[in-house]
Structures are given as structure tokens and as C-alpha cells.
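For reference, the structure is listed below as C-alpha cells.
Each chain gets a letter, A, B and so on, in the order the sequences are listed, and its residues count up from 1.
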Amino acid sequence: ISEERTNSSKVQSQYQPYKDAAWGFINHWYPALFSNELPEDHVEGIQICGIPIVLRRVDGKIYALKDQCVHRGVRLSEKPTCFNKETISCWYHGFTFDLDSGVLSTIVANPEDKLIGTTGITTYPVREVAGMIFVFVREDDFPDTDVPPLSDDLPFRFPENSERFPHPLWPAAPSILDENAVALGMHRTGFGNWRIACENGFDNAHILVHKDNTIVHALDWVLPLGILPTSDDCITTVEDDKGPKGLMQWLFTEKWAPVLENDKLGLKVEGLKGRYYRTSVVLPGVLMVENWPEEHVVQYEWYVPITDDTHEYWEVLVRVCPTEEDRKKYQYRFDRVYKSLCLHGFNDCDLYAREAMQNFYADGTGWDDEQLVATDVSPITWRKLASRWNRGIAKPGRGVA
Amino acid sequence: ISEERTNSSKVQSQYQPYKDAAWGFINHWYPALFSNELPEDHVEGIQICGIPIVLRRVDGKIYALKDQCVHRGVRLSEKPTCFNKETISCWYHGFTFDLDSGVLSTIVANPEDKLIGTTGITTYPVREVAGMIFVFVREDDFPDTDVPPLSDDLPFRFPENSERFPHPLWPAAPSILDENAVALGMHRTGFGNWRIACENGFDNAHILVHKDNTIVHALDWVLPLGILPTSDDCITTVEDDKGPKGLMQWLFTEKWAPVLENDKLGLKVEGLKGRYYRTSVVLPGVLMVENWPEEHVVQYEWYVPITDDTHEYWEVLVRVCPTEEDRKKYQYRFDRVYKSLCLHGFNDCDLYAREAMQNFYADGTGWDDEQLVATDVSPITWRKLASRWNRGIAKPGRGVA
Amino acid sequence: ISEERTNSSKVQSQYQPYKDAAWGFINHWYPALFSNELPEDHVEGIQICGIPIVLRRVDGKIYALKDQCVHRGVRLSEKPTCFNKETISCWYHGFTFDLDSGVLSTIVANPEDKLIGTTGITTYPVREVAGMIFVFVREDDFPDTDVPPLSDDLPFRFPENSERFPHPLWPAAPSILDENAVALGMHRTGFGNWRIACENGFDNAHILVHKDNTIVHALDWVLPLGILPTSDDCITTVEDDKGPKGLMQWLFTEKWAPVLENDKLGLKVEGLKGRYYRTSVVLPGVLMVENWPEEHVVQYEWYVPITDDTHEYWEVLVRVCPTEEDRKKYQYRFDRVYKSLCLHGFNDCDLYAREAMQNFYADGTGWDDEQLVATDVSPITWRKLASRWNRGIAKPGRGVA
Amino acid sequence: MRNVTLNYADGVSRSFEVASGELILDAAIAAEMPVLYQCQSGSCSTCTAKLSSGDAQTRAGASSTLLASEVAAGTRLLCVCEANSDCSFDVAYTSEAGANVAHEVHAFIDTVEKIASNAVRLTVELAEGEWMEFRPGQFMQIEVPGLGVLRSYSPSSVGTDVPKMTFLIRILPDGAMSNFLSQVAGPDQVLKLTGPYGSFFLREEKKRAPHIFVAGGTGLAPILSMIDTLRQTGGRKPPMLLSFGCATPDALFCLEDLELRKQWLPTLETRICVDRDPLDGMHHGNPVSALREGDVTPDTVAYLCGPQVMIDAATRRLIELGADPANIHSEQFTPSN
Ligand code: FES
Ligand code: FES
Ligand code: FES
Ligand SMILES: [Fe+2]
Ligand SMILES: [Fe+2]
Ligand SMILES: [Fe+2]
Ligand SMILES: [Mg+2]
Ligand SMILES: [Mg+2]
Ligand SMILES: [Mg+2]
Ligand SMILES: [Mg+2]
Ligand SMILES: [Mg+2]
């Protein structure tokens with residue numbers, strides 16, 4: 001292995017915690033479902049960071065609890081059983097848990113049992129915004145009082161960061177937390193580790209895989225061969241006391257140079273319609289692509305760990321739609337253009353690339369054998385930052401598939 | 001008090017041998033096939049407790065041998081090859097074994113080899129009763145003289161136990177060993193460990209899963225929410241010198257109270273047609289449900305270990321049918337009513353529940369993480385009894401799928 | 001286990017290196033593809049001994065390189081990308097490798113990176129003969145200068161060995177290295193370890209599995225029940241300084257006796273048309289069956305390790321065809337007779353037998369539990385010879401499926 | 001009130017009061033007796049005990065999984081059992097239940113690495129099938145091969161690194177272990193370890209309070225184990241201040257490891273101290289003198305490890321700065337004890 005690789009063993013040791021995070025970072029906010037996937041009184045089971053989670057909506061409010069009965073471990077969501085609005089019962093022997101506290105509040109066939117009130121299942125804080133349901137996935141003993149606001153685990157916001165991260169080439173990116181924000185998107189399971197997926201999101205060196213994408217040619221976009229860092233401060237890490245921890249890449253400024261030619265290979269990019277965008281990523285692994293796929297729209301991505309070899313890939317486009325008509329227009333454009341050409345089309349190539357990397361990393365050897373280069377400053381910076389600011393390393397799932 | 005002290009994993013559990021028995025208990029009688037699954041001169045291969053077993057019927061008599069050639073380990077049953085009535089040959093290089101003794105009696109292409117007569121494969125004692133074939137699955141060095149009678153591994157019999165376990169609410173249960181007993185049933189593979197399956201069989205706290213079953217409502221049965229132990233002697237263990245080792249539950253006596261209400265959940269069971277039954281279980285894991293699904297019929301169940309994560313689930317209904325007409329009537333009722341509404345229908349819910357528990361126990365964590373309650377007196381008593389009286393703990397399969 | 005088995009623990013220790021070679025022997029020549037599977041400018045990915053290999057043909061010449069990008073480990077063959085005739089590029093971030101040397105010669109979007117020229121991927125020497133492409137699968141540090149000629153890893157040749165291994169019953173076997181040799185055949189994946197497969201090839205004791213094959217009866221062949229060694233020198237090992245290392249079996253000479261009867265089982269072979277042939281095997285596991293399936297034709301087989309539980313099974317018939325007409329006739333006969341009756345038909349029984357043995361050996365217990373006999377002198381001699389003369393034991397695959 | 005006594009397997013007996021009608025286990029938990037239990041409902045059988053004197057019965061109406069023969073033999077489940085008189089029980093575990101009981105293990109030497117002018121890092125791997133659980137801060141005794149003498153060292157590694165364990169060892173002129181390590185020790189040599197010992201360990205219940213660590217010389221080892229344990233704990237990390245010192249810069253070690261910890265732990269601050277010839281960024285003086293006004297809050301918990309004089313000085317200084325003496329934990333760490 002070449003000495004010229006940028007991830008020497010010393011650099012590697014700086015992100016050892018990241019290498020240990022095969023099952024994800026715990027004690028963070030993650031998207032669980034779109035709002036319309038959990039109608040009133042429905043029960044759904046998901047898994048994040050190896051933890052099975054059951055969600056139920058009652059009178060509009062959403063509750064999330066560990067989806068593993070304290071009695072003999074079956075998933076409550078496997079056969080949803082609710083006798084009232086305050087509880088969820090296990091379908092097997094009727095252990096019944098308070099939705100709000102998780103406490104074992106009765107047992108169907110054993111109303112006087114001594115265990116009642118003394119045990120229970122972990123509950124997970126829930127937030128619903130702009131059509132998405134977020135869950136704070138935590139360790140069993142993580143105290144309510146320490147739960148940070150959702151905004152701490154969401155991308156940087158604008159215009160409040162416009163001064164810190166100016167962007168003359170496009171309008172201030174909307175946020176899912178903005179008033180009238182509408183989040184449209186999809187999620188699907190990716191068959192690979194979440195870190196491999198995440199690193200692809202803000203990797204400036206992989207434009208090659210998108211060279212033949214329909215949207216690029218339909219809209220006559222000019223994509224460079226790649227984008228190279230030209231200065232030490234090409235990436236700013238954000239480690240403020242409050243708010244999200246992450247990194248911003250100064251793309252399409254003088255700190256990064258687009259590569260338009262490779263002489264040796266006789267490659268040259270020509271054209272006029274530059275497609276400007278900027279990527280940033282914050283813990284626990286949330287990508288923001290500003291000005292993408294068009295002005296006034298922002299793309300978010302999550303790579304939510306399910307197990308050590310699967311993740312839920314979320315692609316979400318956010319736009320602020322103050323009026324009903326704006327909403328309809330946006331939905332129409334999403335359905336006709338964005339969904340097929342961007343979320344599929346363009347991003348399918350990313351999903352393919354991520355899954356193609358999985359074998360290399362799955363047996364653990366890839367982390368040692370990879371030979372990173374200058375452009376990999378992005379994943380390396382991310383790995384170090386994530387090692388420092390994560391709120392805990394998830395343990396391998398217990399008693400789950 | 002420190003957290004560690006609540007963790008029982010540090011003390012040797014009272015039923016450690018049971019926790020070690022992932023591959024089953026060896027040196028016991030298990031059902032292998034229904035008689036009609038092995039017609040004259042047929043050869044069939046099965047697997048019990050990780051041991052591959054080949055059965056052949058010759059002139060009505062059944063032979064069972066280890067289904068793994070001593071030469072290079074292929075299964076004899078994979079391509080049945082028999083040149084006469086006394087032997088079975090391996091289809092690969094013609095190693096030929098005496099059906100009765102298992103001794104290597106010749107090699108097709110090597111009739112003078114010095115290995116002949118000096119080695120062989122283990123044989124398994126066989127008993128055929130009431131349409132079922134039982135095999136005594138033993139370790140290679142378990143002596144013939146120590147093989148117990150089949151009745152030692154079958155449920156308690158009546159009326160000989162009627163005084164010990166009186167049952168005013170129903171007639172004496174028939175036994176598969178009774179004259180003119182007819183066993184009708186089915187078997188299928190359950191995808192989970194055999195212990196998880198077995199414990200469900202006599203678990204008095206899981207009636208909830210059967211609440212919506214067709215047979216319950218078609219026949220207007222009243223099933224309580226659950227049945228609670230009310231006294232120390234709610235279960236009698238049978239540990240006599242001779243005969244089966246197991247436990248009898250005093251259901252529908254004053255030692256168990258049916259629970260008909262749960263105030264907190266607003267649940268109340270009403271009705272008249274009580275459905276009385278009683279469950280017992282004996283080693284190596286045989287359930288008997290007396291008076292089920294109707295008078296004069298008894299239901300047996302076996303959960304025969306195949307590997308550590310699969311078992312063969314046997315459901316058998318036994319009735320004494322002295323005349324040919326009785327037999328026909330019973331067969332007709334079995335085909336029209338029992339098979340669809342009980343063996344499927346009702347018991348499908350049990351199979352579902354057992355498989356739903358598998359993940360929790362499969363990685364070994366469930367045995368430590370489960371939180372048992374008062375009603376779990378049944379499985380706990382069984383675990384202790386089984387730990388005490390089993391005839392051996394099966395080792396993981398060698399050289400098998 | 002009987003004391004009479006021929007593979008005592010002392011014998012076993014003599015072939016320990018062979019028992020360690022689950023992933024194959026490295027630093028040997030293996031068939032990769034038929035010539036017509038790699039047309040001009042095509043790219044194909046294969047795997048041998050756990051090493052992913054990509055092949056590209058440019059202006060007729062074939063290049064083979066490690067199919068695992070040094071950057072982040074994806075397979076180059078997953079989405080072939082070549083910008084010129086001298087290189088192959090990785091489709092992900094454009095790392096571009098010199099076809100001839102494997103050196104990283106540029107990066108699509110990073111033409112000045114300091115890593116360029118300092119690292120690269122291993123290349124594998126290639127030879128193409130008689131319609132087959134061979135690759136020398138080597139460890140990363142195996143020097144070019146030590147690469148032996150292809151002929152060192154191919155079967156013994158005739159007539160140059162006719163004096164050493166006379167064969168009055170048939171004409172000198174052709175070789176794939178002969179002028180005008182034509183190799184016709186097929187390859188497919190076998191689901192088992194390569195050693196189990198290989199040993200079946202020259203096993204003289206398994207004729208039983210072919211007893212009912214169509215070709216035997218269509219052509220009225222007489223196959224004995226088996227062939228027994230009658231003398232100590234029934235097998236000659238070839239361990240010359242130069243040339244292939246392997247063993248020749250003196251079949252159909254006085255050193256082996258065909259077995260035509262088994263009294264005990266009442267079996268007797270009768271008939272006139274003896275079917276004479278002779279098997280030999282050389283490292284890294286290449287079978288030659290002379291005079292098979294008919295005069296002037298020879299059958300080669302390879303069992304190329306893919307992983308520890310899969311191999312690529314190659315069946316190739318070689319005949320010398322000096323004229324175009326000879327070639328056509330041979331192809332016609334191959335298509336109409338050999339392919340269906342020999343490569344399928346007859347050899348399908350072998351593939352079945354090999355896969356049937358896999359469970360016994362897959363968990364490692366088979367190597368200890370097998371009980372070999374006199375006729376197993378063939379595999380035992382092979383195991384010892386292979387332990388002595390292999391050029392390296394392949395390590396488990398790294399970062400591959 | 002009844003008086004109930006538990007007789008532990010290690011010969012220790014402890015007594016507590018149980019009200020009439022109260023369950024014995026509930027009273028034992030309230031009295032902080034070492035007891036093992038899980039379900040508290042008479043099922044799991046973890047709280048099994050044997051009645052050796054007096055009268056104690058299962059509460060009326062409560063179920064238990066005891067077989068009649070077991071009850072007759074005196075077996076009780078404390079969680080469903082009431083005392084009808086003063087009574088005593090035998091339990092199968094020791095009075096250290098829940099703690100890690102010291103035992104002997106064998107370990108193979110992996111490496112002996114010189115890390116400073118007078119210190120080495122010893123890395124070992126426990127023999128197949130042997131195990132050692134310990135709390136961060138506790139120590140083991142290592143037998144010097146050939147001499148049979150024992151020396152005490154704390155692992156600088158953490159429990160999740162087992163079967164690997166790492167120790168920091170000061171090299172003394174002509175010390176028994178020092179001679180062994182510098183002259184004899186080689187890879188795969190076998191060492192005998194006994195442990196864990198000591199009540200100097202990280203207090204789990206205080207893990208959210210601000211931490212101050214004061215380490216002199218190889219007294220850094222247990223502190224590193226504590227810091228790494230806190231790092232592995234999920235959730236909010238406490239502010240941590242480490243003051244670590246040696247005599248001279250060339251005697252310092254593990255500085256890269258500390259840099260790495262600071263990279264991983266934003267809440268960790270380090271002060272590196274030397275008595276003589278400080279390099280850039282180092283504090284001139286001992287690790288106690290590096291402590292200053294504002295370092296301590298009323299809930300600060302402190303761990304001190306090093307020579308006795310350093311511990312005494314640090315204790316005085318911390319109290320002076322406002323620390324609660326009950327929150328100051330220390331271990332004297334002289335090179336040859
Ligand atoms: S498993 Fe949930 S109540 Fe028993
Ligand atoms: S494997 Fe059965 S005879 Fe060879
Ligand atoms: S993985 Fe091949 S260039 Fe990046
Ligand atoms: Fe992309
Ligand atoms: Fe049931
Ligand atoms: Fe064959
Ligand atoms: Mg997995
Ligand atoms: Mg016999
Ligand atoms: Mg298994
Ligand atoms: Mg070359
Ligand atoms: Mg494999």
C-alpha cells in the first residue's frame with residue numbers, strides 16, 4: 001500500500017470511534033416514517049441502530065416504544081393489539097405498556113401481578129415536522145432531560161448561516177423546520193453499511209458515475225469531471241456549543257477547483273450551463289445538497305442504520321410552499337420530474353455505487369486496505385468529526401433479526 | 001444497590017442444562033414418520049437432534065440407521081441403493097451396511113477389504129404404534145440394553161393415573177398405546193428452536209392469541225383471558241422411578257383460577273359453554289391436552305429438534321376406534337373439522353407465536369433478558385424438571401446441513 | 001472409528017497443508033474463460049482462490065488484473081470503463097490503471113495527485129491456447145521472474161511420456177498444447193469445496209454412480225464394479241525438477257484389477273466391450289482422462305477454487321484437428337454426443353456426488369471422521385503430493401463476496 | 001420486626017430487619033444487602049436461598065416455581081417469602097455478589113515497548129478460555145516469572161479490550177519486574193495475573209459530574225482506563241480535567257494517546273506537567289500545582305493516582321478549591337508495591 005495515501009495509520013486512529021460505529025451512532029434523531037405512513041390509530045414497526053421500535057398514532061399524537069416485549073421478547077408490532085388509547089398490549093400474553101411512559105401498566109390475564117409498575121420498555125421522543133416523523137433513538141438509560149432539540153441533528157439553516165457560509169450563486173436553502181416547508185421524498189433499504197452510504201453523499205470525486213444520467217443531459221447540465229480542493233480551508237467544521245455538528249464544503253468557490261480536463265485520457269468537459277450546488281453533512285449522518293435539483297429546493301439524505309449491513313436510505317426534497325397552490329405545483333413537479341429523474345435516475349447510481357463498496361468493507365478489511373487521496377479530505381474530515389461529536393456508539397442488536 | 005446485582009447471569013441457573021440443550025435431548029424416543037409415509041421397501045431420510053437418520057421398511061419391519069456413510073459422509077438416503085433385504089448400500093462407493101446391526105458388511109467393488117466387519121454406522125431402535133413410527137435417537141455408544149420402553153417417553157396414561165390425577169369434568173384420556181388407538185395428524189417444520197416451541201404448548205398465559213380463532217366462535221366456546229395459579233401445588237411433577245418424567249397442570253380445579261376480567265382494559269369474558277381441558281408435558285418434550293378438541297379425544301404434540309433453529313412440529317389427535325366404522329367416522333371428522341380448524345386454524349396461531357419468539361432467543365440473549373411472571377411457573381417447572389431427568393444433551397450436528 | 005482405516009492420524013499429518021488449502025493453491029495457472037467468452041474489447045470479472053480478477057482483451061491481447069480498486073475496493077468489472085487501449089479505469093472515482101503493469105497511471109478528476117505512479121493493482125500473467133484463456137493467479141508479491149511456464153500446470157504430455165507411461169490399449173493422448181489442438185467444453189459453478197470435487201475425478205472406487213448412465217448403455221460399454229490396486233506401484237508420482245507435479249494411475253494394467261463380481265450382494269458384470277481409460281492428476285488440480293470418451297480424445301477437468309465452498313467446474317475435451325473439416329466434424333460430434341451424454345449425463349452424476357459430500361467436510365469434521373480404504377490410495381497419494389509441491393496456500397478472500 | 005441473616009458462600013454473614021408481612025427480598029434490597037434476583041415474582045429462581053433456621057414461608061396466594069421436594073428441603077424464593085420468626089438463610093454466592101471476584105489467569109506477552117526514559121508499555125493477551133473482568137481503576141498482581149514475587153499494576157486498557165490488556169510499568173534500576181521486562185521478557189512468554197483488586201475504580205453513579213484526574217508517572221494507567229470507559233459510555237460526557245506529570249520531558253509518555261483522547265472527547269482538557277526543563281505548552285511544576293481556581297465545582301469527583309505525597313497534596317488542594325472530600329478517590333501508586 002502506497003505511503004502517499006492520505007489516511008496513514010495515525011489518521012486512521014483519529015477516527016477509530018467511527019470505525020467502531022458499524023451499528024450507527026445512538027442517542028440521535030433519525031427519520032422513522034413519513035407522516036402519511038402512520039395514519040390515525042395505526043401501528044408500525046421499524047428498526048434503527050439495531051433497536052426495534054414500534055410507533056402508534058393516537059388522536060394525532062405519535063408514540064414510539066421499544067418493539068420488544070419485556071416478557072419473552074416478541075415484537076409488539078407483529079400483531080398490533082391495543083385495548084385503549086393509553087396503552088399498547090403484547091399480542092402474546094397481554095403485557096400492556098403505557099404509551100407515554102413505557103411502564104408495564106397491566107397484564108391482560110394477570111391484572112394483579114407484582115411485576116406491574118416495576119418494569120417497562122424504553123420510550124423514544126418523537127417529533128413530526130413537514131410530513132416527516134423523527135424519533136430520538138436512545139440507550140435505555142439516556143435521560144429525558146438530556147434529549148437535545150431535533151434541530152441539533154438537522155442540517156445547517158439559512159438565512160441564519162448566510163453570513164457564515166455565503167453563497168452568491170443561489171438563494172438561501174430552505175429547511176424542513178421552516179414555516180410552510182414541505183418535504184417530499186421516499187425511503188428504501190440499502191444493502192450495505194450506513195457509513196459507506198453516507199460518505200458517498202458528499203464525496204466530490206465521484207461525479208463520473210453520474211456522467212450518463214438522463215437529467216444531466218435532458219437539462220444540458222455541465223458537470224465537471226471532479227472537484228479538487230485547492231486550499232486548506234476548503235471544508236469548515238461546525239462544532240459550536242449548540243446546534244448541529246458537521247461540516248460545510250465550500251464548493252463552487254475558489255477553495256475548490258472544478259476539473260474539466262484529463263489530458264492523459266483525452267477527456268474534456270465543455271458547455272455553458274454550470275450546475276452549482278453545495279454539500280454539507282451533520283451528525284448523525286444527514287446530507288444537505290443546497291440548490292439541488294433546482295433553485296429554492298434543497299435535497300436531504302439520511303442513511304439510517306438498521307443493522308451493520310443494511311440501512312434505510314431516505315431522499316427528501318424540501319421546498320417552502322406558502323399557499324395551497326404552491327404545494328400542488330410542487331407535488332406535481334415532484335411526481336413528474338424529481339422522483340423519476342433525481343431520486344431514482346440520478347440517485348440510483350449512488351445506491352448502486354454504495355452497494356458495490358459493501359463487500360470491501362463488510363469483513364472489516366476495507367478500512368485498512370483503502371488508499372485515500374486528496375479529494376478524500378471530505379470523508380476523512382467527516383470521520384474525525386463524527387468520532388468526536390457523536391452521542392454514543394450503538395451496540396450490536398440484541399435478540400433481533 | 002449496584003446494577004450488577006440484578007443480573008442473574010452470574011449465578012449458575014437452576015436450569016442450565018436446559019439452556020445448553022439447543023440441539024435437543026438425546027437418548028430419547030421421538031416420532032420419525034407416520035406409518036403411511038414409509039411404505040414397503042421405501043427409504044426415507046430425516047434429521048433429529050442434529051443426527052441424520054435413514055429409515056427403510058423391509059417385509060413390514062422398519063430399520064433406522066445413521067444416515068451418514070462412514071466412508072466419506074454422504075447421506076445414504078440421498079440416492080437409495082439396496083441390493084437385498086438385509087442391507088443398505090451407499091450409492092457412492094458401495095459401502096454396504098447390515099440393516100440390523102449397522103456393521104459394514106461388504107463394499108460393492110472391494111469385497112475383501114480389511115475394513116469390512118470392523119466398522120459401521122449406529123442403528124436406532126424403532127417402534128411402530130397406532131400409525132406412527134418412533135425412533136430412539138441415541139448417542140453412538142448408548143447400549144441397547146439401556147434403551148427404555150417407548151412408554152417412558154410418552155404422556156401419562158389413563159385410567160391408570162385417574163386416581164392420582166382425577167378429572168371429573170371429562171372422560172379418561174385415550175393413549176396412543178391403547179388397543180385400537182388411532183393417531184391422525186400432521187407434521188411440518190417450525191423455524192425456531194424446539195424449546196421455545198415446546199414451552200408455548202403448555203403455557204397457560206397465552207390464550208389471548210386464540211381469541212379470534214374460528215373454532216372458538218363456531219362452537220361458542222368460552223375461553224378465559226388466562227388461567228392463574230392460586231396455590232403452590234398447582235403443578236405436580238412426576239419423577240417416579242419408572243415411567244415418563246414430566247408435569248401435570250391442575251387446570252380447571254381450584255388450584256388455578258380462570259381470569260374473566262381486566263378492569264383496567266375494560267375486558268370481560270361472558271358465556272356459558274366452558275371448554276375444559278388439561279395440559280401435561282413429559283420428556284423429551286411431549287405435550288398432552290386432555291379432552292381436546294372434544295371428549296374422548298386427546299391431542300399430542302412433539303417439537304422434535306432438527307437443528308438448533310428448526311424443529312419438526314407434530315400435531316396428533318388420538319381416539320380409540322374399536323370398529324372399522326369408528327375408524328372411518330373418526331377419519332372423516334378429522335379431515336372435515338379437526339385438521340382445518342384445530343391443527344391448522346387454532347394451532348397455526350401457536351406456530352406463528354413460536355416463530356415470533358425465535359429472534360429473541362436465537363442469539364442467546366433472550367434467556368438472560370426475559371422477565372418471567374407468576375404464570376410462567378409452568379415453563380420454569382418444566383425447565384428444572386427437564387434439566388434433571390433428560391438422558392443427555394445433544395451435541396451440535398457434525399457434518400450435516 | 002475403525003483402526004483399519006488407511007488414513008491414520010499419522011497419514012493425516014502428512015497432508016496437513018492440503019487440509020489447510022480450503023481456498024486453493026495460489027501461484028498456479030488456472031483456466032479463466034474460454035476465448036469466445038472474451039471478445040475484442042470486452043471486460044469480464046471472475047474470482048479464483050478468493051481473488052477477484054478482471055480481464056480485458058485489447059487488439060487481441062488479454063490483460064488480467066486484480067478486480068478490486070485500490071481506492072475504495074469496488075470491482076472494476078462491475079461497470080467496465082475504459083478510456084483508451086492502455087488502461088482500465090474504475091467507474092467510481094476514475095482511478096485508472098495501466099493494463100500492462102497495473103500501476104495507477106492517472107485519476108480521471110485528479111490528474112496531478114501524488115498517489116499516481118506510487119501504487120497500483122496486481123497483474124496476472126495470461127496465456128491463451130486452443131481456445132482457452134489461462135491466468136497465473138499469484139500473491140501480490142510473487143515476482144514475474146518466478147512465473148513458471150503454463151505447461152508446468154498442465155497434464156503430462158504424449159508421446160513424450162509414452163515410454164515412461166506406456167499404454168498399449170490406446171493411441172497417445174493429445175494435449176491442449178499440441179499444434180492444432182481444439183479444446184471444446186463448458187464450465188459451471190459447483191457448490192462445494194474444490195478438493196472434494198477434485199478427488200472425485202480420479203477416484204477409482206466410485207464407478208457405481210455411473211452404472212445407469214445413458215452413454216454406458218447406449219454404447220454397450222462394460223464398466224467394472226470398481227478397480228482395485230494390486231501392487232504397491234499402482235500409482236507413480238511425478239516430481240521431476242521441471243514440468244508438472246502429479247500422479248499417474250496404472251489403470252488397465254496388471255497393477256490394478258477390475259472387480260467384476262460381488263458375491264455377497266449377487267452382483268456380476270458381464271459383456272465384451274471393455275472401456276479402457278487412464279486417469280492422472282497434476283497440480284493445482286487438473287484431471288486428465290486418457291482415451292475418453294473415445295479414442296484420440298482426452299478429457300481434462302479443473303475444479304478452480306472460487307471461495308472455500310464454491311469452485312468452477314471445467315470439463316474440456318481436446319482433440320487435434322489439423323484441417324478445417326476435422327474441426328467441424330469434432331465440433332459436430334461434441335455438440336451432438338459429448339456435450340449431452342458426457343459433460344452432462346455422465347459427469348452430472350459426479351457433480352451431484354461432489355455436492356453431496358460437501359456438508360460432511362464443510363464444518364471441518366469430515367477430514368477427521370472419514371474412514372478411507374485401500375482404493376483411497378489415489379486421494380491419499382494426491383493429498384501428500386499436493387502438500388509437498390503446491391506453490392502456496394491461498395488465504396481466505398479479503399473484501400470479497 | 002424479624003431479624004433475618006444471610007450466610008454467604010465466603011463465610012460472611014449479614015443481618016437486616018424485615019417487617020411482618022414484608023417480603024424478605026424487598027427488605028434486603030432496601031438494606032443494601034448483596035442479593036441476586038431478577039423477576040421478583042417467584043418465577044425465575046434467581047433469588048433462591050436455603051432456610052437454615054427459623055420459619056419462613058411463601059406468601060399466601062403467591063406462586064413459586066419451587067418443586068414440593070425443594071420446599072421440603074428448605075429451599076425458598078426470597079422474592080415471595082415472608083419471615084414468620086427470626087431466621088437465617090444460606091445463599092450460594094459470596095458477599096461480593098455483583099463484584100468481580102479475584103482469580104488467577106494466564107496471559108501471553110504480546111509486546112514490551114519502551115515508551116519513555118524509564119517506562120514501558122506491556123501488552124498481554126489472556127490465554128484461550130480465560131477471562132478477567134475488572135472495573136476501570138482496579139489493579140492486578142503480576143508474578144515476576146522465575147522469582148515468584150508479586151507486583152501490582154492497573155491496566156490502562158478497558159474491559160472491552162479483554163482478552164488484550166495493557167499495563168504501564170516504571171523501570172527501576174534493578175527492580176525485579178524491571179529486570180525481567182528489560183532483559184528476559186519476550187513475545188509469547190506466559191505471565192500469571194491475579195485480580196482484580198482494589199476499591200479505586202470509576203464511580204458509575206457519578207459519571208455525569210465534572211471529573212478531575214491527577215496522575216503522577218505510571219499512575220496514569222488507571223486514569224487512562226477511566227477516561228476510555230467514560231468515552232465508551234453513551235450520552236452526555238462530563239467535563240474532564242487531567243493533570244499528569246513526570247520529572248522531566250523525557251520521562252513523559254502516552255502524550256499521543258492523550259492527544260487522541262482529546263480528539264475523541266471534546267470535553268477533555270489535559271495539563272502536562274514536568275518538574276524540570278518544560279517544553280513549549282507544558283506546565284512547570286507538579287500536577288497538583290497545575291490545579292487552579294475555577295477547576296472545581298461542588299459536585300466535582302476526583303481520582304488521584306501516584307506517589308503518596310502527590311495524593312496528600314492533591315487532596316488538600318482540591319478541598320481548598322471546594323471539592324467534597326467524599327468525592328475524592330485515590331490510590332497510592334509507588335513503583336514497587
Ligand atoms: S411475550 Fe409479550 S406478553 Fe409474553
Ligand atoms: S461415501 Fe459412502 S461409500 Fe464412499
Ligand atoms: S473506488 Fe475505484 S476510484 Fe474510487
Ligand atoms: Fe452521487
Ligand atoms: Fe396455543
Ligand atoms: Fe465419475
Ligand atoms: Mg448482520
Ligand atoms: Mg441390534
Ligand atoms: Mg444453525
Ligand atoms: Mg508485466
Ligand atoms: Mg464462504
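Closest approach of C:Arg72 and A:Met357 over heavy atoms only: O-CG, 3.6 Å. Here the closest non-hydrogen pair linking A:Gly226 and C:Ala109 is CA-CB, 3.4 Å.
Neither the backbone nor the side chain of C:Glu86 comes within contact range of chain A; no heavy atoms are under 4.5 Å apart. Heavy atoms closer than 4.5 Å to chain A are found in both the backbone and the side chain of C:Asn110. Contacts between A:Glu261 and chain C at a heavy-atom distance below 4.5 Å involve the backbone alone (N, CA, C, O). If you measure heavy-atom distances from A:Leu372 to chain C, the contacts under 4.5 Å come from both the backbone and the side chain. Contacts of A:Glu199 with chain C are made by side-chain atoms alone, with heavy-atom separations under 4.5 Å and no backbone atom involved. With a threshold of 4.5 angstrom between heavy atoms, A:Ala353 approaches chain C through its backbone and through its side chain. With a 4.5 Å cut-off on non-hydrogen atoms, C:Ser105 touches chain A through its backbone and its side chain both.
The distance from atom CD1 of A:Ile207 to atom OH of C:Tyr92, rounded to the nearest 0.5 Å, is 12.5 Å. In this structure, A:Leu267 CG and C:Thr106 OG1 are separated by 9.0 Å, a value rounded to the nearest 0.5 Å. For the atom pair CG (A:Asn262) and CZ (C:Phe83), the distance works out to 8.5 Å, reported to the nearest 0.5 Å. Within the model, atoms OG1 of C:Thr81 and NZ of A:Lys211 stand 7.0 Å from one another, a figure rounded to the nearest 0.5 Å. Put simply, CD on A:Gln371 and SG on C:Cys69 are 9.0 Å apart, with the number rounded to the nearest 0.5 Å. Here the CG-SG distance, from A:Leu208 to C:Cys90, works out to 8.0 Å after rounding to the nearest 0.5 Å.
When the shell of 6.0 Å around CD of C:Glu112 is examined, it contains 12 or fewer heavy atoms from other residues, nucleotides or ligands. Taking a 6.0 Å sphere around CG of C:Asp140, one finds it holds more than 12 heavy atoms contributed by other residues, nucleotides or ligands. Annotation for A:Lys264: atom NZ does not count as buried by contact number, only 12 or fewer foreign heavy atoms lying within 6.0 Å.
By the 4.5 Å heavy-atom criterion applied to side chains, A:Asp376 and C:His71 are counted as neighbours. At a threshold of 4.5 Å between non-hydrogen side-chain atoms, the residues A:Val209 and C:Trp91 count as touching. Looking at A:Val259 and C:Pro111, their side chains come closer than 4.5 Å, going by heavy atoms from C-beta outward. Between C:Ile107 and A:Thr375 there is no side-chain heavy-atom pair separated by less than 4.5 Å.
A donor-acceptor contact under 3.5 angstrom links the side chains of A:Asp203 and C:His93, judged on distance only.
Annotation: side chain to side chain donor-acceptor pair (under 3.5 Å) contacts of A:Trp302 (sequence neighbours excluded): none.
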Going through the checks in order, is the side-chain contact (heavy atoms from CB on, under 4.5 Å) test met by A:Tyr352 and C:Glu78? CA-CA 10 Å; A:Tyr352 178 90; C:Glu78 193 143 345; 2.8 Å; yes
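Using non-hydrogen atoms only and a strict 4.5 Å limit, the part of residues 394-401 of chain C facing chain A consists of C:Gly397, C:Arg398, C:Gly399, C:Val400, C:Ala401.
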